[in-house]
Amino acid sequence: MDKLSPLKPVPTLIAVAAALLIWFVIPAPEGVEPNAWQLLALFIGTIIAIIGKAMPIGAVSIIAIALVALTEVTHPGKPGAALSDALSGFSNPLIWLIGFSIMISLSLNKTGLGGRIGYYFISLFGKKTLGIAYALTLAETTLAPVTPSNTARGGGIIHPIMKSIADSFGSKAELNTAGKIGRYLALVNYNINPVTSAMFITATAPNPLVVSLIAKGTHDSVELSWGMWALAALVPGICSLFVMPLVIYLLYPPEIKSTPNAPHFAQEKLRELGPVTLPEKITLAVFALLLVLWAGIPAMIFGPALAVSPTTAALVGLAVLLASGVLSWDDILKHKGAWDTVVWFSALVMMATYLGKLGLITWLSQSVGAAIAHMGMSWVGGTLLLTLVYLYSHYFFASTTAHVTAMFAAFFAAGIALGAPPVLLGLILAFSSSLMMSLTHYATGTAPIIFGSGYVSLGEWWKTGLVMSVVNLTIWLVIGSLWWKWLGYW
């Protein structure tokens, strides 16, 4: 007899207890409709289950969708409408943008193009340890626009390259020689990830959710396009990527500082890969096409009639890869991560949307805004306080998606209520949603992969994460806000 799928009892009980407590025991505050409060109960129970990993996130999400339909919290007394509401997340184009993009990124590993890009940069800049760090940075930044899984990018593509370089210098965790070069490169490998994730809408899964929440929070008056996001992130992103390897170099300097053999090692790896193959060329062409379409270049040149939505562009790119045979339909069907993302994203976006429609986000934002206003802060001080609380509360989250879903809308609405410029506030909180990944060894999916390789101790990881969070936040708040002002965004 097959065993039942494991269910973690403690986080499950906590999630269920929290939902029941809010639903049946804690009365809805004045100004909040009972069904909005009941949806909040389901939402908080779902978030607790996700954070505690009671079940796989996709399974938790299916249960959440079923409960929303069954309890009819979005449309009391109207089961048909409630079911349509529960399933409405699957019609959101931003969810499918990420799903299609994850499928497209399969081609990086299947064709070997991802590894080729990494080794190419190391062959150019790898004569010094610092040069290897910048080579890894350039490689991940190149991949970021078309790799919406930051875990696949940092942990699945860049980390094996970093590890092979460290091993070639005899820097191995099991030999207690991580200090030679492995510890430094592992810390750089990880801390690239939050910055590149912040630089493009398509660089990590929660970013489209952020775009959706900003649009809903401003009644669609602020819609961040792919090009607008990328342009806003360009200057602070480059500054962070330039500064980060230097800061970590000062914190934990590698014993090996000169690596004259690294370019040769990378060239050997490139020789093993052989000439650029036809599938790699097709993949490169598709990625170039996607960047052109996502940046809105056809519309800029020929007018709005040729504007292509980001999701349509991703769908076209996937269709080309399938038609050319670079990817097969079996490849797509077997990519559980892509389908899993579509499911849990749909559930979380649906619940967040109806919390807004039922007025709970407005109530919560007004309550938070009133508390900050009572402290006598201006919108500048209030925005800074909201940002700090939002970012550093990630110590309590093991999922950026759960964090964004739980807190972004309320904090954004609270800042708006204080009088903060919507675009400025939206960009600060949007980029903080990725930058907060630096903090812990469980902050995002990339973290346990790199931390698990053993090059870095827990104390070293947390110290570096805290320092980099301060450095990154300073860069993005100061340089970023000045850059956005110059662009006329606020």
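- Annotation: side chain of Phe412 is not in contact with side chain of Met407 (no heavy-atom distance under 4.5 Å).
- Ring geometry for Trp96 against Phe100 counts as tilted: the plane angle lies between 30° and 60°, on a 0 to 90° scale.
- Judged as a salt bridge (charged side-chain N to carboxylate O under 4.0 Å, His left out), the pairs with a partner in residues 451-462 (not counting sequence neighbours) are, in order, Arg183-Glu460.
- For Lys216, the salt bridge (Lys or Arg N to Asp or Glu O under 4.0 Å) test picks out no residue, with sequence neighbours left out.
- Defined by atom type and a distance below 3.5 Å, a donor-acceptor pair is missing between the side-chain atoms of Ser88 and Asp85.
- A 4.5 Å side-chain heavy-atom check between Met55 and Ile63 finds at least one atom pair inside the cut-off.
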> How far apart are the C-alpha atoms of Ser469 and Tyr392, what are their side-chain angles, what is the distance that settles it, and do they pass the side chain to side chain donor-acceptor pair (under 3.5 Å) test?
Replying inline: CA-CA 9 Å; Ser469 72; Tyr392 287 105; 2.8 Å; yes
For this session: Could you check Thr444 against Asn150 for side chain to side chain donor-acceptor pair (under 3.5 Å), going step by step and ending with a plain yes or no?
Result: CA-CA 9 Å; Thr444 187; Asn150 62 291; 3.1 Å; yes
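- The shortest non-hydrogen separation linking Asn193 to Arg153 is ND2-NH2, 3.8 Å.
- For the pair Ile104 and Gly317, the tightest heavy-atom approach, listed with the atom from each and the gap, is CD1-C, 4.2 Å.
- Summarising the geometry of Tyr489 relative to Ala232, their closest heavy-atom pair is CE1-CB, 3.7 Å, with the distance given to 0.1 Å.
- A perpendicular orientation is assigned to the rings of Trp490 and Trp379, their planes being inclined by more than 60° (bins at 30° and 60°).
- With sequence neighbours excluded, no residue forms a side chain to side chain donor-acceptor pair (under 3.5 Å) with Ser91.
- Residue pairs satisfying the side-chain hydrogen bond (donor to acceptor under 3.5 Å, both in side chains) criterion with at least one member in residues 7-35, sequence neighbours excluded, are absent.
- For residues 472-481, the set of pairs meeting the side-chain hydrogen bond (donor to acceptor under 3.5 Å, both in side chains) definition, not counting sequence neighbours, comprises Ser240-Asn472, Ser240-Trp476.
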For a quick test of your reading: what N or O donor-acceptor pairs under 3.5 Å do the side chains of residues 416-440 make, sequence neighbours left out?
| from | atom 1 | to | atom 2 | distance (Å) |
| --- | --- | --- | --- | --- |
| Ser432 | OG | Ile428 | O | 2.7 |
| Ser433 | OG | Tyr390 | OH | 2.7 |
| Ser433 | OG | Leu429 | O | 2.8 |
| Ser434 | OG | Ser197 | O | 3.4 |
| Ser438 | OG | Leu435 | O | 3.3 |
| Ser438 | OG | Gly465 | O | 3.3 |
| Thr440 | OG1 | Tyr442 | N | 3.3 |
| Thr440 | OG1 | Ala443 | N | 3.0 |

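- Residues Phe200 and Trp229 place their aromatic rings such that the two centres sit no closer than 6.0 Å.
- Closest approach of Ala82 to Val68, counting heavy atoms only: CB-O, 4.4 Å.
- Taking the six-membered ring for Trp and thresholds of 30 and 60 degrees, His394 and His403 have nearly parallel ring planes, at less than 30 degrees apart.
- Of all heavy-atom pairs spanning Met228 and Glu223, the tightest one is SD-O, 4.3 Å.
- Between Trp462 and His441, the angle of the ring planes lies from 30° to 60°, which puts this pair in the tilted group.
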